Amino acid sequence: MEENLKQQATTIIKIALFGPESTGKTTLAKQLSEHFETVWAPEYAREYLQQKWDAERKNCEPEDLLPIAIGQMKTENEALLAANKYLFCDTTLMVTKVFSDIYYNFCDPAIDKAARKHKYDLFFLTDVDIPWEQDDLRDRPQNRTSTFETFRNALTENEKPFITLSGNREQRFEKAVKILQDFEKAREMGFSSQDFIAIYNHGVSTDKIQDHLAIFSKGIAKTILERPATKDDGILRPTPEIYAAYADFFGQKRTEYKLKKFVPASGAASRMFKFLNEFLNDFNIEEETINAYINRKNATALAVFLVGLEKLPFYEEVSLTLQRNYSNFRSLNKDLRDYYFIKAMLSPYHFDFAAKPKGILNFHKYPTHIATSVEEHLNESCLYACDGKIAHLHFTVSPEHQKAFERIIQNVQGKIEKQHGNTIKVNFSYQDKATDTLAVDLENKPFRDDNGQLVFRPGGHGALIQNLNSLDADIIFIKNIDNVIQNHIEEIALYKKALAGIMIELQEMIFNYLKLIESGKIGEKEIPDLVEFSMKRLNMNVIDDFEKFTLENKLEFLRQLLDRPLRVCGMVKNEGEPGGGPFWVMDKKGNVSLQIVESTQVDLSNPAQLQILKNATHFNPVDLVCGLKNYKGQKFDLTQFVDKNSGFIVDKTKNGRALKAYELPGLWNGAMAKWITVFVQVPLITFNPVKTVNDLLKPAHQPQ
């Protein structure tokens, strides 16, 4: 029998229902055992105490707990022999231990040891959010919350794998069934109970984990470039007069739309100061001069930084701090002053610039104040993301940095509103942890940290399609947090408004065609005009067999072609900047469409593909105007227009160990792959990113 028990224990998934009295454990155990067609081990204490009370009419005493514990294990072992896949245990030795601690402030060492040692594959901790029920075994209704916390602490302290079940009885049952289905998949994939808890708490589904692991094994197919998008072949190039006309058109129409500006701003500024961190890690002030280091490392970026140091918008703030901390700072030689300046900038004990988001760093120096990029975005939003009365602005941020953003906004919002004569409404969202992806080692096995825990990494800016999808707006302007300017802001705004004017004009034409299709007012003679509009104005191709379709099928094909989100993307001439660009891309079915492509998506070992990449004439500055609603005024579900076969596998390290990470299809790459896409050339003045701290020394970020 012992051998049978051991064999059965290795194949049966043991689930413990855990929690204080009157939390629905027994009901849930019965429901689950019936659903999974298995058995449950009932609470032995009830039977034992009922017999004792019937015979002796006395309360439970400390000496009763050991017989209860032994009886419970006997009940569980008997049920294990009859179980099918699952065994649901109404109670556990840990429950006995916890009640002993609560009621008697003591626990028999034998029970304590056995409770800590005894294993279950998963604990369901039942919450106290359902009504308390009176019976012979249930007392202390006034202490339910504190008792529940004691139970939760017992699981946490003993590192038991548990998930809390809340809600009414039906909700708990449905939640438990779904969890167990996912738990089975995780076990089949080789994950432990603790792994599953980590996955569950992260909000990532086991199906997603399975998909991502498959991507690491199979790899991601490279994008097939058909040709670069160029002027009059995928990229519009309006004249200054046409730009002005479209900007005016937007100005006439803007009150009809709910406008919003969307700014991804959650990333830290680590890359902005990368070369300075490298300097601190490799430089020894006692062994060489900074000039010797510059020559040794060919550190031209450091040389530029030091020459322009006093022009940086945060120079005075850092310098004053150093003078307060070091009374002799001004008398130090230049190497020491520069060295201490850089250390103060990056030290976590001082300014810690590299660990902060770009949005809250000082970017521009004005005669009256220093402005952050957040402040500049507020200024811009009033110029084009405003219906005439209210400007709406949305930042995606990290939760730990939101208050810093809010403080900046609170300090400058009133001044900016007064200057522009309107109101600014700002809101925030976070990148959902459920979009994080599991890292793997170089053998494509789940990567674990030094404590053996699974490692998750953010899914990249492509995860923000979820944030964009949740916004309620007709037209959304998208621009990166670091792409702001100190001068010529009105000129920047003109081109943003012109892009919006183009978007509105095209959208009105699309909506008109879709309404005509829906009302049955398009026949064979109107089809050529509709096809020409789709191909010439929207850069969309029809399939070769289109002419063989019946009228009904032609209309349905064109309806599906047009009934999509629309994006108008500003493109600047290629000046050698790293990043994506506009290309005609061919998919697996041979269909060609306009896409924004990163160099990492291209097979650089293929000479023909490499040549197409080199022939690119334009660059993507992330300057988008998006229409998110359909012709009926309903929001599109943007997740339905993602190319889920795209994405990026990137090489990273953690504590010196190599790992691979999967990043989701980029927000303006694969995440918008199935949108209607229109590229428009805009002047280079609209593109002023701060990729490194030295960019703040460029004319666009310096006072005139």
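Residues take their numbers from the sequence shown, with the count starting at 1. These numbers come from a predicted model, not from an experiment.
Looking only at side-chain heavy atoms (C-beta outward), Met345 and Phe273 come within less than 4.5 Å of each other. When side chains are defined from C-beta on, Val177 does not count as touching Ile179, because their heavy atoms never get closer than 4.5 Å. Residues Met272 and Leu361 have side chains in contact (heavy-atom distance under 4.5 Å, counting atoms from C-beta outward). The shortest distance between side-chain heavy atoms of Phe123 and Leu155 falls below 4.5 Å. In this structure the side chain of Ile163 never reaches within 4.5 angstrom of the side chain of Leu125, judged on heavy atoms. Two residues are said to be in side-chain contact when any heavy atoms from C-beta on lie closer than 4.5 Å; Leu468 and His394 fail this criterion. Residues Ile12 and Tyr86 form no side-chain contact, since every pair of their non-hydrogen atoms from C-beta on lies 4.5 Å or further apart.
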Which is it for Arg172 and Asp129 under the salt bridge (Lys or Arg N to Asp or Glu O under 4.0 Å) test, yes or no, and what are the steps along the way?
-> CA-CA 11 Å; Arg172 293 182 184 200; Asp129 57 342; 2.5 Å; yes
Evaluate the criterion salt bridge (Lys or Arg N to Asp or Glu O under 4.0 Å) for residue pair Lys30 and Glu34; output intermediate values, then yes/no.
-> CA-CA 6 Å; Lys30 290 178 180 178; Glu34 290 173 3; over 6 Å; no
Salt bridge (Lys or Arg N to Asp or Glu O under 4.0 Å) assessment of Glu184 paired with Arg187 = CA-CA 5 Å; Glu184 275 192 66; Arg187 281 170 60 102; over 6 Å; no
Criterion side-chain contact (heavy atoms from CB on, under 4.5 Å) on Leu454 and Ile199, from CA distance to verdict | CA-CA 8 Å; Leu454 297 174; Ile199 292 169; 4.0 Å; yes
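With respect to the salt-bridge test (charged N to carboxylate O, under 4.0 angstrom), the residues Lys356 and Asp352 do not qualify. The pair Lys117-Asp112 does not meet the salt-bridge criterion, since no charged nitrogen lies less than 4.0 angstrom from a carboxylate oxygen.
Defined by atom type and a distance below 3.5 Å, a donor-acceptor pair is missing between the side-chain atoms of Asn84 and Thr38. Using modelled atom types and a 3.5 Å distance limit, the side chains of Thr396 and Asn467 yield no donor-acceptor pair. Judged purely by distance below 3.5 Å, without hydrogens or angles, the side chains of Thr321 and His350 never pair a donor atom with an acceptor atom. Using modelled atom types and a 3.5 Å distance limit, the side chains of Asn153 and Thr156 yield no donor-acceptor pair. Under the 3.5 Å distance criterion, with hydrogens and angles disregarded, a donor-acceptor pair is assigned to the side chains of Asp637 and Thr639. Side-chain atoms of Glu76 and His118 include a donor-acceptor pair closer than 3.5 Å.
For the pair Lys14 and Tyr120, the distance from NZ or CZ to the six-membered ring centre is under 6.0 Å and the angle to the ring normal is within 45 degrees.
More than 12 heavy atoms of other shown residues, nucleotides or ligands fall within 6.0 angstrom of atom NZ in Lys175. The number of heavy atoms from other shown groups lying within 6.0 Å of CD (Glu159) does not exceed 12. For Lys660, the NZ atom sits in a packed shell: over 12 heavy atoms of surrounding residues, nucleotides or ligands are nearer than 6.0 Å. The local environment of CD in Glu170 is sparse, with at most 12 non-hydrogen atoms from other residues, nucleotides or ligands closer than 6.0 Å.
Listed by chain and number, the residues in a side-chain hydrogen bond (donor to acceptor under 3.5 Å, both in side chains) with Tyr430 are Gln402 (sequence neighbours excluded).
When each of Asp90, Leu17, Leu87, Leu32 is checked for a side-chain contact (heavy atoms from CB on, under 4.5 Å) with Trp40, only Asp90 meets the rule. Partner of His461 under the ring-ring contact (aromatic ring centres under 6.0 Å, His included) criterion, chosen from Trp668, Phe648, Phe262: Trp668.
In this structure, the separation between CZ on Phe191 and CD1 on Ile209 is 5.5 Å, given to the nearest 0.5 Å. For the atom pair Asp450 CG and Lys654 NZ, the distance stands at 8.0 Å (nearest 0.5 Å).
Below 30°, between 30° and 60°, or above 60°: for Phe36 and Phe88 the angle between ring planes is between 30° and 60°, a tilted geometry.
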